[in-house]
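Every chain is numbered from 1 and lettered A, B, ... according to where its sequence line falls, protein lines coming before strand lines.
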Amino acid sequence: MQHTVYDFNSVVKKNNGSIPLTYQKFLSLVSDVQVKDIIQISKGVSDECKASDYDSQGYDIPSLEEFGVNESELSECKYPGGESEGLKRLDVYMAKKQWVCNFEKPKSSPNSIEPSTTVLSPYISHGCLSAKLFYHKLKQVENGSKHTLPPVSLMGQLMWREFYYTAGSGTENFDKMVGNSVCTQIPWKKNDAHLKAWAEGKTGYPFVDAIMRQLKQEGWIHHLARHMVACFLTRGDLWISWEEGAKVFEDFLLDYDWSLNAGNWMWLSASAFFYKYYRVYSPVAFGKKTDKDGLYIRKYVPELKKYPSEFIYEPWKAPKGVQKTAGCVIGEGYPNRIVDHDKVHKDNIQKMNSAYKVNKEKKAMKRPRQ
DNA sequence: CATTATGTTGCGAAA
DNA sequence: GTTTCGCAACATAAT
Ligand SMILES: Cc1cc2nc3c(=O)[nH]c(=O)nc-3n(C[C@H](O)[C@H](O)[C@H](O)COP(=O)(O)OP(=O)(O)OC[C@H]3O[C@@H](n4cnc5c(N)ncnc54)[C@H](O)[C@@H]3O)c2cc1C
């Protein structure tokens, strides 16, 4: 039994003992692997395996009340747990043949009010939904029809998961920078005030704050929303270690997964797998592409609800009068920006540049010419 | 060994 | 309005 579609040990073996460092390389390694059918378990627990008190309620999952949680104080549960819910969700999406066959991840929206991707991740991460079952259902839906391809297709998404599992399983200290052979060493700085502002959704950048608040409230945010806030915390704006961000994600993501979280954080911080560090997300421009009027911001940062669309992504630019009319003065009802993106992101590109230089020199030292 | 093609998903100014 | 280029050159895999 395994948690992945492919056996990552044999993938690594096939690659002469080292992990594939690119997605395309990974795909080529698994291209001729026949994925076995899933095992159907239809029977219940057989009688001889049942303890004498099998039917007693003593082994039931404790209720929220027993954990000391007052259910009425919780916000709506958007993604209820369990296998039945996971299978139901899988069925809903697999029934949309057109949608699956046209799926292109980079074109999906990070800030739609309802998720633009499947949100199967919490179920897959918790073992409520088998990655192999997802694989076979997807093959079935794609079969015979024209469809998009990895990396952008829905199947491609599942392959990203396989890719990161392979990398994570074959790399020491994969969830850290130090001692991690695939991770570029970058001199991140500690800044507890900035880290706290980021984690609480109080950076003063409405799009970033909306995403962090959705994460806290609902436990799931879109992949590109993760890009936005991960870039902002690390190489884009705050220059704080990706490990700090990963810890916050671990606390709040319903779909938290050791390999996927660490791997994607390294990607976003241009520490591994992705290297074009001058591609920096703008907290003002990025969200506008898919949500010009900032409806998403208005939902998760309600103090800005009444702002005109012109200023919803950069409320500090609104004249005082407009701020007052909208019922929220910047610096009082909503925080001032903790950094100036236009300035710091340029400085940070320079810092990335020198970090890469140092790394290159170190690598050259380690492997002198034979 | 050197060279070259490729890479999920940036942005903003210039042409 | 659309395409191209700068950021300043990235790493990896293939040849
Ligand atoms: C900084 C950062 C941290 C992340 N941390 C996690 C995490 O802890 N757990 C987690 O499951 N995903 C993580 N992801 C990956 C990705 O964002 C989520 O898997 C995806 O958004 C889940 O939504 P979905 O099920 O609707 O995805 P879909 O687009 O519907 O994809 C289907 C499935 O493919 C897999 N998948 C999709 N995208 C990725 C990806 N980039 N990498 C690996 N597998 C992927 C997931 O299992 C997902 O359920 C992270 C991404 C970033 C940028």
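- Residue-level contact check: A:Lys289 touches the backbone only, with heavy atoms under 4.0 Å from sugar-phosphate atoms and none from bases.
- Rounded to whole Å, the distance from CG on A:Leu27 to P on C:dA14 is 12 Å.
- Separating the NE2 atom of A:His227 from the P atom of B:dC11 is a distance of 12 Å, rounded to the nearest angstrom.
- Looking at heavy-atom distances under 4.0 Å, A:Lys25 makes contact with sugar-phosphate atoms alone, never a base.
- Side-chain contact check for A:Asp293 and A:Ser309: at least one donor-acceptor pair (N or O, by modelled atom type) lies under 3.5 Å.
- Of the P atoms belonging to C:dA13 and B:dT8, the separation is 12 Å, rounded to the nearest Å.
- Aromatic pair A:Trp258/A:Tyr165: centroids not less than 6.0 angstrom apart.
- Position along DNA chain C of the nearest nucleotide to A:Lys346 versus A:Asn15 favours A:Lys346 as the more 5'-ward residue.
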Quick one: do A:Gln323 and A:Tyr334 satisfy side chain to side chain donor-acceptor pair (under 3.5 Å)? Show the steps, please. CA-CA 10 Å; A:Gln323 296 188 15; A:Tyr334 181 73; over 6 Å; no

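- We find that A:Lys299 and A:Asp291 are not joined by a salt bridge, their nearest charged nitrogen and carboxylate oxygen being 4.0 Å or further apart.
- Between C:dC7 and B:dT6, the two P atoms lie 24 Å apart (nearest whole Å).
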For Watson-Crick and G-U wobble pairs within 3.5 Å on both distances, what is DNA chain C written in dot-bracket notation, | included for inter-strand pairing? .||||||..||||||

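- The gap from the P atom of C:dA9 to that of B:dC11 amounts to 22 Å, rounded to the nearest Å.
- In this structure, A:Lys351 forms a cation-pi arrangement with A:Trp239, its terminal cationic atom sitting closer than 6.0 Å to the ring centre and no more than 45° off the ring axis.
- The list of ring pair (Phe, Tyr, Trp, His ring centres under 6.0 Å) pairs with a residue in residues 124-147 of chain A, not counting sequence neighbours, is empty.
- Side-chain N/O atoms of A:Gln24 include none lying less than 4.0 angstrom from OP1 or OP2 on C:dA14.
- Nucleotide C:dC10 holds its P atom 11 Å from the NZ atom of A:Lys363, rounded to whole Å.
- Using C1' as the reference atom, B:dC1 and C:dA14 are 14 Å apart when rounded to the nearest Å.
- Within residues 273-285 of chain A, the residues approached by DNA chain B to less than 4.0 Å at the level of any non-hydrogen atom are A:Lys276, A:Tyr278, A:Arg279, A:Val280, A:Tyr281, A:Ser282, A:Ala285, in residue-number order.
- Side-chain contact between A:Phe207 and A:Met228 is present, with heavy atoms from C-beta onward closer than 4.5 Å.
- Salt-bridge check for A:Glu244 with A:Lys247: passed, with a basic side-chain N closer than 4.0 Å to an acidic carboxylate O.
- The aromatic rings of A:His227 and A:Tyr281 stand perpendicular to each other, their planes meeting at an angle above 60°, with 30° marking the opposite boundary.
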Taking it one step at a time, do A:Asn191 and A:Trp198 satisfy side-chain contact (heavy atoms from CB on, under 4.5 Å)? CA-CA 11 Å; A:Asn191 186 328; A:Trp198 176 82; over 6 Å; no

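- At whole-Å resolution of the value, CG in A:Leu29 and C1' in C:dA13 are 12 Å apart.
- Between atom CH2 of residue A:Trp242 and atom CG of residue A:Asp175 there is a gap of 6.5 Å, rounded to the nearest 0.5 Å.
- Of all non-hydrogen atoms in A:Gln185 and A:Asn180, the two that sit nearest each other are NE2-O, 4.1 Å.
- Proximity of residues 153-169 of chain A to DNA chain B (heavy atom under 4.0 angstrom from any strand atom) is restricted to A:Gln157, A:Trp160.
- Nucleic acid contact for A:His345: none, since no nucleic acid atom lies under 4.0 Å from a heavy atom of the residue.
- Nucleotide C:dT12 holds its P atom 10 Å from the CG atom of A:Asn359, rounded to whole Å.
- B:dG12 atom C1' lies 11 Å from atom NE2 of A:His341, rounded to whole Å.
- A:Thr171 contributes no side-chain N or O that, together with a main-chain N or O of A:Phe174, makes up a donor-acceptor pair within less than 3.5 Å.
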List, with names and distances, any nitrogen or oxygen atoms from the protein found under 3.5 Å away from nitrogen or oxygen atoms belonging to nucleotides 13-15 of chain B.
none

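- Straight-line distance from the CE atom of A:Met352 to the C1' atom of C:dA11: 12 Å, rounded to whole Å.
- Nucleic acid contact for A:Leu21: sugar-phosphate only, since backbone atoms but no base atoms lie under 4.0 Å from a heavy atom of the residue.
- Here the options are A:Tyr313, A:Phe286, A:Phe232, the test is ring pair (Phe, Tyr, Trp, His ring centres under 6.0 Å), and the partner is A:Tyr205; only A:Phe232 passes.
- At whole-Å resolution of the value, CG in A:Asn264 and C1' in B:dT8 are 11 Å apart.
- Each salt bridge (charged side-chain N to carboxylate O under 4.0 Å, His left out) pair with one or both residues in residues 86-109 of chain A, not counting sequence neighbours, appears once here: A:Glu85-A:Lys88, A:Glu104-A:Lys107.
- Counting only heavy atoms from C-beta on, A:Phe286 has its side chain closest to B:dC11 among B:dC11, C:dC10, B:dT8.
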